[in-house]
**Student:** 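Can you keep this structure in mind? I'll have questions shortly.
Since we're looking at a predicted model, the values are computed, not measured.
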Amino acid sequence: MGVTRKELFTEGQNKLASLAKVISHPARVAIIEHLLKSKQCINSDLVTETGLAQATVSQHLRELKEAGIIRGTIEGTSVSYCLDPEGWKLMSREFNRLFSRFSPDEAPGCC
């Protein structure tokens, strides 16, 4: 696969693509869904929930955290994760901005 030439695209397009890439893995979607359901969890809960190895879950959590979608707090020897409200708002706003530009009811016939 070729190198993406990010300078050809707007800041908004690059931001949306980065967010889409972070949530494009089914394990990350499962983690997000678990966090939505439980409101907070400990890393070991995610290992049980997803059936993935601890190292794999940690890698996915790192990706979600770096994107600002989740945050974690250390409690003794474990880390609790939850959705980051500001990151979630940003992601929602960016995707809604794209999705709201199309209305299937007003769409002309396709090519």
Side-chain angles (χ1 to χ4, degrees):
M1 188 183 290
V3 176
T4 303
R5 297 187 53 199
K6 292 184 177 189
E7 71 276 0
L8 296 176
F9 306 102
T10 67
E11 182 180 340
Q13 290 166 334
N14 283 308
K15 185 186 312 181
L16 185 60
S18 292
L19 288 170
K21 183 177 179 182
V22 169
I23 63 169
S24 68
H25 195 287
R28 293 183 200 138
V29 172
I31 289 169
I32 290 170
E33 287 176 338
H34 185 68
L35 290 172
L36 285 166
K37 180 176 67 176
S38 65
K39 307 293 188 227
Q40 178 174 312
C41 69
I42 297 173
N43 197 345
S44 61
D45 293 345
L46 291 168
V47 171
T48 304
E49 180 72 19
T50 62
L52 298 171
Q54 175 68 51
T56 303
V57 170
S58 293
Q59 176 65 25
H60 289 301
L61 289 168
R62 186 179 66 76
E63 295 284 335
L64 290 166
K65 192 172 179 183
E66 285 179 2
I69 297 170
I70 67 170
R71 60 181 173 196
T73 55
I74 298 172
E75 297 174 7
T77 59
S78 51
V79 181
S80 293
Y81 291 93
C82 63
L83 293 168
D84 185 313
E86 290 305 312
W88 192 259
K89 280 188 228 176
L90 171 71
M91 186 172 65
S92 296
R93 184 176 61 241
E94 294 300 321
F95 280 104
N96 285 333
R97 185 176 294 143
L98 176 66
F99 295 145
S100 69
R101 293 173 57 191
F102 178 76
S103 171
D105 298 332
E106 299 173 8
C110 190
C111 344

**Student:** Does Glu49 have any salt bridge (Lys or Arg N to Asp or Glu O under 4.0 Å) partners at least two apart in sequence or in another chain, and if so, which?
**Tutor:**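 Salt bridge (Lys or Arg N to Asp or Glu O under 4.0 Å) check on Glu49 returns Lys37.
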
**Student:** To the closest 0.5 Å, what do you measure between CG (Leu46) and OG1 (Thr56)?
**Tutor:** 12.5 Å

**Student:** If you count every heavy atom of other residues, nucleotides or ligands that lies below 6.0 Å from Leu8 atom CG, does the total exceed 12?
**Tutor:**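 Result for CG/Leu8: enclosed.
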
**Student:** Who passes side-chain contact (heavy atoms from CB on, under 4.5 Å) against Phe102, sequence neighbours left out?
**Tutor:**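 Expected list: Pro104, Ala107.
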
**Student:** Could you pull out all residues at least two apart from Ser103 that satisfy side-chain contact (heavy atoms from CB on, under 4.5 Å)?
**Tutor:** Asp105, Glu106

**Student:** Under 3.5 Å, side-chain donor or acceptor atoms of residues 65-72 against the rest of the protein: list the pairs with distances, not counting sequence neighbours.
**Tutor:**
residue	atom	partner	partner atom	Å
Glu66	OE1	Arg62	NH1	3.2
Glu66	OE2	Arg62	NH1	2.6

**Student:** For Glu86, give me all partners under salt bridge (Lys or Arg N to Asp or Glu O under 4.0 Å), at least two apart in sequence or on another chain.
**Tutor:** Lys89

**Student:** Hey, what do you get for OG1 (Thr10) to CG (Leu16), rounding to the nearest 0.5 Å?
**Tutor:** 9.0 Å

**Student:** Please tell me whether Phe99 and Leu90 are part of a single hydrophobic cluster in this structure, the criterion being side-chain heavy atoms less than 4.5 Å apart.
**Tutor:**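 Shared cluster, no.
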
**Student:** Could you go step by step and tell me if Met91 and Ile23 meet the side chain to side chain contact (heavy atoms under 4.5 Å, CB included) rule?
**Tutor:** CA-CA 10 Å; Met91 186 172 65; Ile23 63 169; 4.0 Å; yes

**Student:** Check side-chain contact (heavy atoms from CB on, under 4.5 Å) between Glu63 and all other residues, then give those that pass, not counting sequence neighbours.
**Tutor:**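 Only Arg28, Gln59 meet the side-chain contact (heavy atoms from CB on, under 4.5 Å) criterion with Glu63.
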
**Student:** List for me each residue that meets side-chain contact (heavy atoms from CB on, under 4.5 Å) alongside Arg101, sequence neighbours excluded, and say none if there are none.
**Tutor:**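 With neighbours one apart ignored, the set is empty.
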
**Student:** Residues in side-chain hydrogen bond (donor to acceptor under 3.5 Å, both in side chains) with Ser24, at least two apart?
**Tutor:**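 Ser24 satisfies side-chain hydrogen bond (donor to acceptor under 3.5 Å, both in side chains) with no residue once adjacent residues are dropped.
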
**Student:** Under the ring pair (Phe, Tyr, Trp, His ring centres under 6.0 Å) rule, collect the residues that match up with His25, sequence neighbours excluded.
**Tutor:**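 By the ring pair (Phe, Tyr, Trp, His ring centres under 6.0 Å) rule, His25 matches His60.
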
**Student:** Only counting residues at least two apart or in another chain, list the ones meeting side-chain hydrogen bond (donor to acceptor under 3.5 Å, both in side chains) with Ser80.
**Tutor:**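 Testing Ser80 for side-chain hydrogen bond (donor to acceptor under 3.5 Å, both in side chains), a comparison that skips the adjacent residues, returns Glu75.
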
**Student:** Would you name the heavy atoms of Ala27 and Leu52 that are closest together and state the gap between them?
**Tutor:**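 So the two residues come closest at CB-CD1, 3.6 Å.
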
**Student:** State plainly whether one hydrophobic cluster holds both Leu36 and Phe95, where clusters connect Ile, Leu, Val, Met, Phe, Trp and Tyr through side-chain heavy atoms under 4.5 angstrom apart.
**Tutor:** yes

**Student:** Which residue pairs pass the ring pair (Phe, Tyr, Trp, His ring centres under 6.0 Å) test when at least one of the two sits in residues 67-89, sequence neighbours left out?
**Tutor:** none

**Student:** What distance do Leu64 atom CG and Ile32 atom CD1 have between them, rounded to the nearest 0.5 Å?
**Tutor:** 5.0 Å

**Student:** So which pairs with a foot in residues 31-51 pass ring pair (Phe, Tyr, Trp, His ring centres under 6.0 Å), sequence neighbours left out?
**Tutor:** none

**Student:** Does Leu98 share a hydrophobic cluster with Leu19, counting links as ILVMFWY side-chain heavy atoms below 4.5 Å and allowing steps through other members?
**Tutor:** yes

